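Heads up: the structure comes next, in structure tokens.
Please read all numbers here as calculations on a predicted model, not as lab measurements.
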There are 2 protein chains.
Amino acid sequence: MRDKAKPAGETRAADVLHRMRADVISCTLKPGAKLRFEALREMYGVSFSTLREALSRLVAEGLVIAEDQRGFIVAPVSMEDLIDLTYVRVLVERECLALAIEHGDDGWEADIIGAFHRMDRLQTRLGSNYYLSEEWGKLHGDFHFSLVAASGSPNLLEIRQKLFERAHRYRRMSSQFRTKWRAKDVEHKMIMDSVIGRDTAKAQELIERHIRETTENVIKHAGHLFVQVDDERQGRSADVAAE
Amino acid sequence: MRDKAKPAGETRAADVLHRMRADVISCTLKPGAKLRFEALREMYGVSFSTLREALSRLVAEGLVIAEDQRGFIVAPVSMEDLIDLTYVRVLVERECLALAIEHGDDGWEADIIGAFHRMDRLQTRLGSNYYLSEEWGKLHGDFHFSLVAASGSPNLLEIRQKLFERAHRYRRMSSQFRTKWRAKDVEHKMIMDSVIGRDTAKAQELIERHIRETTENVIKHAGHLFVQVDDERQGRSADVAAE
DNA sequence: TATGAGCCGATTTTCGAAAAAAATCAAACC
DNA sequence: GGTTTGATTTTTTTCGAAAATCGGCTCATA
């Protein structure tokens with residue numbers, strides 16, 4: 001992420017918002033890190049007010065926390081949050097799946113197959129370290145979204161998307177520490193088949209396991225990074241600052 | 001809401017955020033209304049940037065919509081949104097209740113009883129038109145929150161809260177047009193009793209009916225206000241502007 | 001030595017003017 | 001007559017300087 005912005009069509013603040021969200025999710029901006037305006041201004045090439053606007057939206061999304069009169073920090077990660085997040089995601093994803101399977105039409109099925117193949121193809125092309133790639137993360141997100149896209153509930157889908165992004169940050173944390181990746185592609189294939197086969201119970205069962213196993217892997221590989229919240233304002237973070 | 005702010009402890013932008021959120025929810029700022037900066041600046045007595053920050057957060061909360069390069073509007077209301085919102089709320093409230101009943105302790109029960117009595121007392125004091133009062137709306141919200149406060153899932157509670165506020169806007173819309181109020185207090189009492197009696201199934205059943213009946217009443221009394229989304233950008237809104 | 005009042009540098013928060021973009025209106029053209 | 005083009009006005013968006021606030025430090029006092 002360097003100097004000059006490229007505000008193509010959208011507003012400059014919206015551009016910064018997108019970039020900052022991506023940077024938080026990908027842990028380029030590390031959990032718990034203090035966000036100093038001077039540094040951010042240089043990083044994204046915009047002014048105070050514009051930054052502040054982007055930060056404010058991230059606050060409302062739960063990716064950044066505002067401490068009144070004391071600036072902003074990247075939302076910390078913790079074991080408790082990961083576990084809670086997993087719980088809520090299971091609830092929401094199961095419901096989304098049921099709705100989508102109920103309402104989905106042929107076009108929806110086609111989109112799923114398309115999304116799967118895009119993800120699968122890139123995976124083959126990138127080889128064993130595919131999961132570190134930013135682009136694969138995107139396609140993986142698209143695939144999971146395609147499964148539930150036909151749910152017909154905008155409100156639920158919006159909630160799902162925010163939870164997914166929060167979880168992606170945890171996935172990303174663990175992927176740095178892993179040398180071998182479990183057979184996700186097989187899981188994805190099975191989930192897709194059960195969804196298109198309109199087997200609601202099985203699809204829900206599979207997605208739940210998929211989510212839970214991912215969480216377990218995150219805890220196993222990245223659990224040591226999590227902040228143990230002390231008593232006072234102390235528990236800054238286990239890790240680095242913005243720069 | 002007039003001129004000078006009272007930024008007690010919190011930041012001025014946070015203060016404006018709270019006031020604007022209340023004004024959107026209470027429909028002082030009408031659904032679909034264009035939000036012009038000059039007018040808002042006068043209304044809340046702060047500068048452009050500060051306003052923009054507050055608006056940005058409301059955007060992420062779904063109460064305000066940003067149209068790139070064309071400013072902000074209050075999120076419109078619609079039949080479809082109300083129905084979808086109701087669906088999601090039922091799902092979330094049921095889950096929250098189950099969790100709270102499972103995890104709640106004595107203190108939790110005491111808080112519920114306290115919240116109920118505060119609401120009930122004000123209701124008696126205000127007489128037949130209690131539901132128009134801003135203060136009752138607050139205590140009503142507090143009561144419903146107390147029921148689920150012990151759920152132990154911060155993420156789910158946060159989602160619940162935002163959904164509740166969105167729904168409050170619809171409730172508020174209909175309350176203007178109603179002369180008689182159904183026996184909510186009896187319903188609240190029954191819900192409270194089943195929750196404290198740890199009867200999960202019954203509590204879920206009652207809260208679901210409570211939500212659905214409220215929605216039906218909103219549709220009956222305020223349905224005519226909803227925007228029928230036309231084709232193009234046209235569907236401005238059925239109603240008035242900020243001032 | 002412990003306590004705390006007051007000052008100083010660093011950082012955040014607010015402001016309103018300036019730049020950019022969209023909307024409005026009018027004249028010219030087909 | 002109706003549509004396009006271009007200038008003017010209104011509204012939004014961005015900027016960086018100025019004000020407010022915080023956190024740490026010193027130093028006086030008990």
Numerically ordered, the residues 47-55 of chain B set in heavy-atom contact under 4.0 Å with DNA chain C is B:S47, B:F48, B:S49, B:T50
Whole-Å distance, A:E10 CD to D:dT14 P, equals 10 Å
note: B:R36, atom CZ; D:dT12, atom P; distance rounded to Å ~ 6 Å
Q.
Please check: side-chain N/O of B:Y131 versus main-chain N/O of B:Q123, any donor-acceptor pairing under 3.5 Å?
A. no
Between CD of B:E38 and P of D:dT11 the distance, given in whole Å, is 9 Å
Exercise. Has B:R41 got its NZ or CZ under 6.0 Å from the middle of the six-membered ring of B:F48, at an angle within 45 degrees of the ring axis?
Worked result: yes
Any side-chain donor near an acceptor of the partner, B:T86 and B:T215, under 3.5 Å: yes
Residues at least two apart in sequence or cross-chain that pass side-chain hydrogen bond (donor to acceptor under 3.5 Å, both in side chains) with A:K138, listed by chain then number, are A:D142
Quiz item: Side-chain N or O of A:R12 less than 4.0 angstrom from OP1 or OP2 on C:dA20?
Solution: no
note: A:R57, atom CZ; D:dT13, atom C1'; distance rounded to Å ~ 12 Å
The bend of the helix from C:dT1-D:dA30 to C:dC30-D:dG1, taken between the axes of its five terminal pairs at each end and rounded to 10°, is 20°
Rounded to whole Å, CD1 of A:I73 lies from P of C:dT12 at a distance of 12 Å
Interatomic distance, CE@B:M119 vs OH@B:Y130, rounded to 0.5 Å, equals 8.5 Å
Between A:R70 and C:dT11, is there a side-chain N or O to OP1/OP2 distance below 4.0 Å?
no
From the candidates C:dT12, D:dT13, C:dC15, the one with an atom nearest any side-chain atom of A:K34 is C:dT12
Rounded to whole Å, the CG-P distance (A:D68 to D:dC22) equals 10 Å
From CG of A:L17 across to P of D:dT14 the rounded distance in Å is 12 Å
Residues at least two apart in sequence or cross-chain that pass side-chain contact (heavy atoms from CB on, under 4.5 Å) with A:R166, listed by chain then number, are A:L63, A:L85, B:N155
A:S151 meets the side-chain hydrogen bond (donor to acceptor under 3.5 Å, both in side chains) criterion, sequence neighbours left out, with none
Side-chain N,O (B:R41) to OP1/OP2 (C:dC15) below 4.0 Å:
no
Review point. Could A:R52 and A:F72 be counted as a cation-pi pair, given that NZ or CZ must be under 6.0 Å from the ring centre and within 45° of the axis?
Key: no
In whole angstroms, the gap separating P of D:dT13 from CG of B:L35 amounts to 12 Å
For B:E165, the side-chain hydrogen bond (donor to acceptor under 3.5 Å, both in side chains) test, sequence neighbours excluded, returns none
